[in-house]
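Accompanying notes for the structure given below.
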Amino acid sequence: MSNYLVELSLIHIALLLGYWCFLSKERQYAKMRFYLLGATFLALSIPLLKLPKLFFSASEPTTAVAMEAIPLEAMTVSSPADTSIWNYELLIWLYLAISLCFLLKFLNSVCYLICLERKSSYEKFNELYIRKIRDIEGSFTFFNWIFISDDIDKNQQDYEVLLTHERAHASLGHTYDILFFELFKICFWWLPTAWFIIKEMKKIHEYQADAYALESYHIDQYSSILISSTLKSNGLSLASSFHDGLIFKRLTAMKQKAKNVSPWKLGTLAALCALLFIVFACTEEMDQEIKEMGSQSNAIPFDQLPASMQQGLVELRDELSFMKVDVPEDDEMSDIEELQNLDPELIHLINVDKANRAIYIALKKDGANFDYLSEQSKMEGELFTVVEEQPEFVGGMDAFYRYIGNEISYPLQARQQGIEGRVFVQFVVERDGSLTEVKAVRGISEDCDAEAVRVIRNAPAFKPGKQRGKPVRVRMVMPIVFKLNEGKTNPDNSTQGMVIVEEVEQKNNKLKVDAHYAGGMWSGTVYDEEGGALPGVNILVAGTTSGTVSDLDGTFKLKADASQDLHISCVGYESVRLEGE
């Protein structure tokens, strides 16, 4: 919500500054009116739009890496009581209270106009139905209602001129503009341009109505009547009136000849609108970007591996890269192109998810496999999801985790509302190690997201990441978990909270293999300890780059010489070696 308000205010102020510089002195009132309406609609709508990114903000190549969850040990994050009365919730209530006051004033004005209409008497004059009333001075228009004071005699010289002016307000729909900007002011009363634009639009309305009347009357006659009229404002904020102020400005505007707006001014304003649209609307949603990164490169972070696979890789995860390959319904595992392109000697472990027909692969970060994975991870230009040397906190990642644990706090409002979950914080490690572009790409609440962003933004510099020996900009995503302590409360009646990531234990089971050699080929089935068929087992011919993986039913076939041994391995299991003849 706060981001929306900030973006709306910046856009509206920028567009109104453009109006002030290029259109405020013009006499093309229809264009001026259209611009003010359009500028406000753009300010309201652009922050809501999330379109694909059109341009990259930096000329340097950006390398993107999805980083695994923070492995913090279980800890309780103490939160000091919030003694300030100016907390976020109070500000919201204050905002709503002031808006409510403006809304009540607005509704009171509408009710007053409706009451005037009911108390008025109808009178027809030159095909116009006029509402005569005693309780007002002068005249004014609200929608198609034209109100005229009983004190104004229809036989007076200025009566018909006055009606022509008021009819212009009705026919041009000026009341709709006023109502729209009044509602805009109610919602965004703190925005200076919300007040300016109402005043400016009413001035344009009077200029338009004057121009409309001058089509039927000579300027000298009309000016004389305008000067000699009552010239009293009725104080009705929702109505348009011949008797409103701005007399000298209106007289000056009537004497000036209207000229077309210079094309360069219109072009500049159009460019300003396009620039604001690009800056604020064309920002790619990070959740979708992360999904696309995974789908294009097959690279995944450690915490997206199956739990059973993570158990065997905790100590080695910094030395490995991870892939996920989806298996189509009609394909065999041995036919998957991504697997055929990998060097079997550098496949550390493979795990198969039968139910979801997915293969998870752990690769050593060296040799042809890593080069292949890096090239496959390219999205645009030099944008990677895998790099040779990831950024590292000075003092090691354990020191970084300790820093997070010491600095982060569980927001009071989130604990009071029972909010918990995982916040994904994205940041860029620059070539000098500094952290930039820190933001929450997926979160659980505004205050938890802000706290996670604050801690990462204030973190000391990293050692920069490297690709082919050169420092590069690396984009990383770090999940931070907020978890409540059930049943434990603080003196302020808020629930105690902690940031926690459970440690995993390594446990290896034994493989069972039923295999035989015939006709130049090994064939067989791999089972787990309970006798269930085990898919995705890595089978390599010892001393070569030839290999395969077991199918969904645990079976495999592999060409080899009779004298060659087979090396069989799977995550979470002890490796097995089948000796040749």
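Between Ile186 and Lys105, every side-chain heavy-atom pair lies at or beyond the 4.5 Å cut-off. No side-chain heavy atom of Phe280 sits under 4.5 Å from any side-chain heavy atom of Pro47. Considering only heavy atoms from C-beta on, Ile444 stays 4.5 Å or farther from Glu420 through its side chain. Considering only heavy atoms from C-beta on, Phe106 comes within 4.5 Å of Leu183 through its side chain. Taking 4.5 Å as the limit, every side-chain heavy atom of Phe147 sits out of range of all side-chain heavy atoms of Thr141. Proximity of Asn260 to Gln28: side-chain heavy atoms (C-beta onward) are separated by under 4.5 Å at one or more points. For the pair Lys119/Arg134, no side-chain contact is recorded, criterion being any heavy-atom separation below 4.5 Å from C-beta on. Inter-residue side-chain proximity for Tyr122 and Ile130 is flagged as unmet; no heavy-atom pair is nearer than 4.5 Å.
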Might you work through the side chain to side chain contact (heavy atoms under 4.5 Å, CB included) test for Val428 and Leu435, ending with a clear yes or no? CA-CA 6 Å; Val428 173; Leu435 305 187; over 6 Å; no
Please step through salt bridge (charged side-chain N to carboxylate O under 4.0 Å, His left out) for the pair Lys203 and Glu206, ending with a clear verdict. CA-CA 5 Å; Lys203 182 174 70 174; Glu206 296 308 319; over 6 Å; no
Is there a ring pair (Phe, Tyr, Trp, His ring centres under 6.0 Å) between Trp195 and Phe102? Walk through the geometry before answering. CA-CA 12 Å; Trp195 298 81; Phe102 283 113; 5.6 Å; yes
Can you list the steps and then say if Leu23 with Lys31 is a side chain to side chain contact (heavy atoms under 4.5 Å, CB included)? CA-CA 9 Å; Leu23 286 183; Lys31 290 185 176 66; 5.7 Å; no
For side chain to side chain contact (heavy atoms under 4.5 Å, CB included), just list the numbers for Leu100 and Leu96, CA-CA rounded to whole Å, side-chain angles, deciding distance to a tenth of an Å, and then say yes or no. CA-CA 6 Å; Leu100 180 61; Leu96 294 177; over 6 Å; no
Leu42/Phe277 under side chain to side chain contact (heavy atoms under 4.5 Å, CB included): CA gap, chis, key distance, verdict: CA-CA 8 Å; Leu42 284 176; Phe277 185 84; 5.6 Å; no
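A side-chain N or O of Thr40 and one of His12 form a donor-acceptor pair less than 3.5 Å apart. Trp189 and Tyr95 share no side-chain donor-acceptor pair at under 3.5 Å.
Taking CD1 of Ile114 as the reference point, atom CG of Leu107 lies at 9.5 Å (rounded to 0.5 Å). The distance from the NZ atom of Lys132 to the OG atom of Ser121 is 7.5 Å, given to the nearest 0.5 Å. In this structure, CE on Met32 lies 9.5 Å from CE on Met201, to the nearest 0.5 angstrom. The CD1 atom of Ile46 sits 11.5 Å away from the CG atom of Leu10 when rounded to the nearest 0.5 Å.
Here the side chain of Tyr4 pairs a donor or acceptor atom with the backbone of Leu44 at under 3.5 angstrom. In this structure, the side chain of Ser9 engages the main chain of Leu5 through a donor-acceptor pair within 3.5 Å. Put simply, the side chain of Tyr212 never gets that close to the backbone of Ser171: no donor and acceptor are under 3.5 Å apart. The backbone N or O of Leu104 sits nowhere less than 3.5 Å from a side-chain atom of Asn108 that would complete a donor-acceptor pair.
The two residues Leu15 and Cys273 come nearest to each other via the heavy atoms CD2-SG, 3.7 Å. Annotation for Leu8 and Phe184: closest pair CD2-CZ, 4.4 Å, computed over non-hydrogen atoms. Nearest heavy-atom pair across Ile148 and Ser139 is CG1-CB, 4.0 Å. The minimum heavy-atom distance linking Val429 with Phe427 is given by the pair CG2-CE1, 3.7 Å. Pairing each heavy atom of Ile204 with each of Leu36, the nearest pair is CD1-CD1, 3.7 Å. Across every non-hydrogen atom of Glu451 and Pro411, the tightest pair is CB-CG, 4.1 Å.
Classified by interplanar angle (parallel below 30°, tilted 30° to 60°, perpendicular above 60°), the ring pair His169/His165 is perpendicular. Ring geometry, Phe196 versus Tyr19: the interplanar angle exceeds 60°, so the pair is classed perpendicular (tilted spans 30 to 60°). Relative orientation of the Phe482 and Tyr410 rings is perpendicular, given thresholds of 30° and 60° on the angle between their planes.
In this structure, Phe41 has its ring center closer than 6.0 angstrom to the ring center of Phe180. Outside the 6.0 Å centre-distance limit, the rings of Phe140 and Trp145 are not counted as a close aromatic pair.
With Tyr29 as the partner, the ring pair (Phe, Tyr, Trp, His ring centres under 6.0 Å) test is satisfied by one option alone out of Tyr35, Tyr207, Phe34: Tyr207.
We find that Lys265 and Glu26 are joined by a salt bridge, their nearest charged nitrogen and carboxylate oxygen being less than 4.0 Å apart.
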